[in-house]
Amino acid sequence: MAENRQYNHEYKVQAVKLANLDLGAGSQPPQSAMTFNEKLIRLRQQVKEQDKEIRRLKKENEFLEETSAFFAASRLKSAKTKE
């Protein structure tokens, strides 16, 4: 005897989403898998480039902070000398 169940809309939506999930590499065509791998390689390269840029900007910022401190001290010194 089969049960007659009532399912709400959200349950049905989730069931459809689960039925459409990719269940593994075997269900993907090789071309899309390669595309995924290429995207991953490209993203890793972007992260590497961004890390390099962040290091450069940090060094530049440190230099600018030191320079501004030097000039501030120099201006303070010259202001005291003029008094």
Side-chain angles (χ1 to χ4, degrees):
M1 190 166 159
E3 291 184 33
N4 189 7
R5 293 187 183 178
Q6 295 290 324
Y7 297 106
N8 67 18
H9 179 72
E10 182 62 26
Y11 182 87
K12 292 175 183 177
V13 168
Q14 292 302 322
V16 170
K17 285 182 182 177
L18 288 173
N20 290 328
L21 282 179
D22 181 9
L23 300 176
S27 64
Q28 286 184 347
Q31 184 180 10
S32 70
M34 185 55 131
T35 301
F36 176 78
N37 192 39
E38 289 169 352
K39 286 180 184 178
L40 183 61
I41 290 168
R42 192 175 325 125
L43 288 172
R44 285 182 175 164
Q45 183 62 33
Q46 284 178 339
V47 168
K48 190 184 271 188
E49 290 169 5
Q50 288 172 346
D51 285 343
K52 185 178 178 180
E53 179 70 4
I54 288 169
R55 284 191 304 274
R56 186 189 70 77
L57 290 171
K58 283 182 177 181
K59 285 181 181 179
E60 189 174 300
N61 192 40
E62 286 175 16
F63 172 77
L64 291 172
E65 286 175 355
E66 291 171 5
T67 304
S68 67
F70 171 79
F71 283 113
S74 176
R75 289 181 71 185
L76 184 63
K77 186 177 178 181
S78 70
K80 285 184 180 180
T81 306
K82 289 181 181 179
E83 292 177 0

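It should be emphasised that the depicted structure is a prediction, and the values quoted were computed from it without experimental measurement.
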Query raised in the report: Are Arg56 and Glu60 ion-paired here, with the side-chain N under 4.0 Å from a carboxylate O?
Result: yes
**Report entry** For Arg55, the option from Lys58, Glu53, Lys59, Lys52 that meets side-chain contact (heavy atoms from CB on, under 4.5 Å)
**Finding:** Lys52
Return the [atom1] to [atom2] distance between [X] and [Y], rounded to the nearest 0.5 Å.
{"X": "Ile41", "Y": "Phe36", "atom1": "CD1", "atom2": "CZ", "value": "10.5 Å"}
{"X": "Thr67", "Y": "Glu65", "atom1": "OG1", "atom2": "CD", "value": "10.0 Å"}
{"X": "Ile54", "Y": "Asn61", "atom1": "CD1", "atom2": "CG", "value": "13.0 Å"}
{"X": "Ser68", "Y": "Phe63", "atom1": "OG", "atom2": "CZ", "value": "10.0 Å"}

Query raised in the report: Hey, are the side chains of Val47 and Leu43 touching, using non-hydrogen atoms and a 4.5 Å cut-off?
Result: no
Query raised in the report: Does a donor on one side chain sit under 3.5 Å from an acceptor on the other, for Gln45 and Glu49?
Result: yes
